[in-house]
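Below: one structure, written as structure tokens.
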There are 2 protein chains.
Amino acid sequence: MYGNDMTNETAAISTVDAVVLAIVDDELKVLLHTRPNEPFKGYWALPGGFIHVDEDADAESAMRRILKDKAGVSGLYLEQLATYSGPDRDPRGWSISIAHLALVPSARLKIDAGKAALVSTDDLPELPFDHKKIIKDAVARLRGKGAYSTLPASFLGKDFTLTEMQSAYEVALGIRIDASSFRRKVLSLGILTDTGRSRQGDNRRPAKVYRLAKGVGTFDRTLGHSVG
Amino acid sequence: MYGNDMTNETAAISTVDAVVLAIVDDELKVLLHTRPNEPFKGYWALPGGFIHVDEDADAESAMRRILKDKAGVSGLYLEQLATYSGPDRDPRGWSISIAHLALVPSARLKIDAGKAALVSTDDLPELPFDHKKIIKDAVARLRGKGAYSTLPASFLGKDFTLTEMQSAYEVALGIRIDASSFRRKVLSLGILTDTGRSRQGDNRRPAKVYRLAKGVGTFDRTLGHSVG
DNA sequence: TCAATAGTGTCTGTCAGACATTATTAC
DNA sequence: GTAATAATGTCTGACAGACACTATTGA
């Protein structure tokens, strides 16, 4: 099995693709770009590219390199989603795509109109490869893991109010959450640090500003199941 | 990025590896085999091998082919775990391993002594590549997902009693579960079908025999958190 | 009868959802 | 004062853990 003729047996095209999600206008959006090269040149697609074995330390490094080069974003939350493979998903031949899920505050994305766009995950255009399926899987991952982790907080900046955090959870999970329950649970989990500062808007009581105590973490009880 | 010189950029070795877990003597065990070829010939390692782009429909098909050829098992529960990659994990060069998690009733494994073994996940030997890390991730996946899914039932045969099912959950999750709570929750979830039959052992009341109503599924509430 | 396991009933603490109420700001 | 949002308090139903209790078998 582990033979030494690696010529034909392993001639799989090795790529990475990213589902970069952000929240805009209380809607979950995915970053698409227009493909600059064949195949599917000019079509909307997920940002992605080849792994460069001469420079990439692993798939995640390749993904971060490509996101920086293609979309100009770095330092975002990134986790591996799943790997998609097969002879037909790419017209160039048997291919492997190690897909990633990325969450980013929308303010950190500078969209170069015509070359990139944030599109609602509920209203996707036709996409090449199996990108539609990858996006669906990414949203499912966010919905599943988001309920018992601080993942949705990655849509926010470093500092945020509880109301902003709740809104991120509501959009990310696609549910409405009772404000009282949300505050009670989030605060009791000890995942937030009180910055001591407040933020006021128009005609309303200022809200305390918090930040995540540690990085993205998980907990065992869920943050809001569904409606009300 | 999506260039056309696929010669050097994509020369990653493409393999699949399986963490086949089973329960023996109320312990979680992983299937290891002795590598028949270099590198690490003769060492214990996870069963795995190259993707064959001329015959495999995707990575999972490759994994099933290899498990059948190397371990003689087929039809087991199999899901993708994660993909491991990098220049150093395999001495042959930049490699990709699409790792899978498989659960199998131990009775379905016929261990060819000397060539294969079921080893406690708590007491692993030294392993080549990043196989130790892959096993740790697989156990973590089982522990995480098992609490709110029927995953641990994959350690059982088609038919089983509630006590057997509870035991599988206890070993899979590494916790003790209250029998009364377990029965109440499992039965209320409607995930089991009563076969109408019973199974008796020695000197004891016979237990009803159930089977899974559908395949492996998930639910939102957890089956037993921890101790008592 | 006993031993052993299967299975039921019930109490209690925890906690999420619901919702009423109070607090703090700008105007 | 009003409007608007932030934050708190409290009731209630659901449910998991605990555990006592009953049921059914072989010997």
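In what follows, every chain begins at residue 1, and chains take the letters A, B, ... in the order their sequences are listed.
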Going by an N to O cut-off under 4.0 Å, is there a salt bridge joining Asp137(A) and Arg141(A)?
-> no

Charged N to carboxylate O under 4.0 angstrom, Arg197(B) versus Asp159(B)?
->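 Asp159(B) and Arg197(B): salt-bridged.
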
Would you kindly give the [atom1]-to-[atom2] distance between [X] and [N], to the nearest whole Å?
{"X": "Tyr169(B)", "N": "dA16(D)", "atom1": "OH", "atom2": "P", "value": "14 Å"}
{"X": "Arg205(B)", "N": "dA27(D)", "atom1": "CZ", "atom2": "C1'", "value": "18 Å"}
{"X": "Arg197(B)", "N": "dT24(D)", "atom1": "CZ", "atom2": "P", "value": "20 Å"}
{"X": "Ile175(A)", "N": "dA18(C)", "atom1": "CD1", "atom2": "P", "value": "11 Å"}
{"X": "Gln166(A)", "N": "dA18(C)", "atom1": "CD", "atom2": "C1'", "value": "14 Å"}
{"X": "Lys185(A)", "N": "dA7(D)", "atom1": "NZ", "atom2": "P", "value": "18 Å"}
{"X": "Gln200(B)", "N": "dA6(C)", "atom1": "CD", "atom2": "P", "value": "12 Å"}
{"X": "Glu164(B)", "N": "dG7(C)", "atom1": "CD", "atom2": "C1'", "value": "15 Å"}

For the residue pair [X] and [Y], establish whether any side-chain heavy-atom pair is separated by less than 4.5 Å.
{"X": "Leu31(B)", "Y": "Val73(B)", "answer": "no"}
{"X": "Val139(B)", "Y": "Leu28(B)", "answer": "yes"}
{"X": "Phe155(A)", "Y": "Leu142(A)", "answer": "yes"}

Selection: residues 150-157 of chain B, any non-hydrogen atom under 4.0 Å of DNA chain C =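 Listed by number, there are none.
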
Restricting both atoms to N or O, compile the protein contacts to nucleotides 9-12 of chain C shorter than 3.5 Å, with distance only.
{"from": "dG9(C)", "atom 1": "O6", "to": "Ser180(B)", "atom 2": "OG", "distance (Å)": "2.6"}

What nucleotide, of dG7(C), dA6(D), dA6(C), holds the atom closest to the side chain of Lys208(B)?
->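 Nearest to the side chain of Lys208(B) among the choices is dG7(C).
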
Does a donor on one side chain and an acceptor on the other come within less than 3.5 Å for Arg89(B) and Ser95(B)?
-> yes

Side-chain donor-acceptor pair under 3.5 Å between Asp123(A) and Ser120(A), yes or no?
-> no

I would like to know whether Leu32(B) and Leu127(B) meet side chain to side chain contact (heavy atoms under 4.5 Å, CB included); could you show each step before the answer?
-> CA-CA 10 Å; Leu32(B) 300 180; Leu127(B) 295 173; 4.0 Å; yes

Taking only side-chain nitrogens and oxygens of Arg183(B), does any of them come within less than 4.0 Å of OP1 or OP2 of dG7(C)?
-> yes

Result for 5'-nearest mapping on DNA chain D, choosing between Arg204(A) and Pro206(B), is Arg204(A)

With Tyr210(B), which of Thr195(B), Leu187(B), Ile191(B) fulfils side chain to side chain contact (heavy atoms under 4.5 Å, CB included)?
-> Leu187(B)

Identify, between Ala179(A) and Leu187(B), the residue whose nearest nucleotide on DNA chain C lies closer to the 5' end.
->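 Closer to the 5' end of DNA chain C: Leu187(B).
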
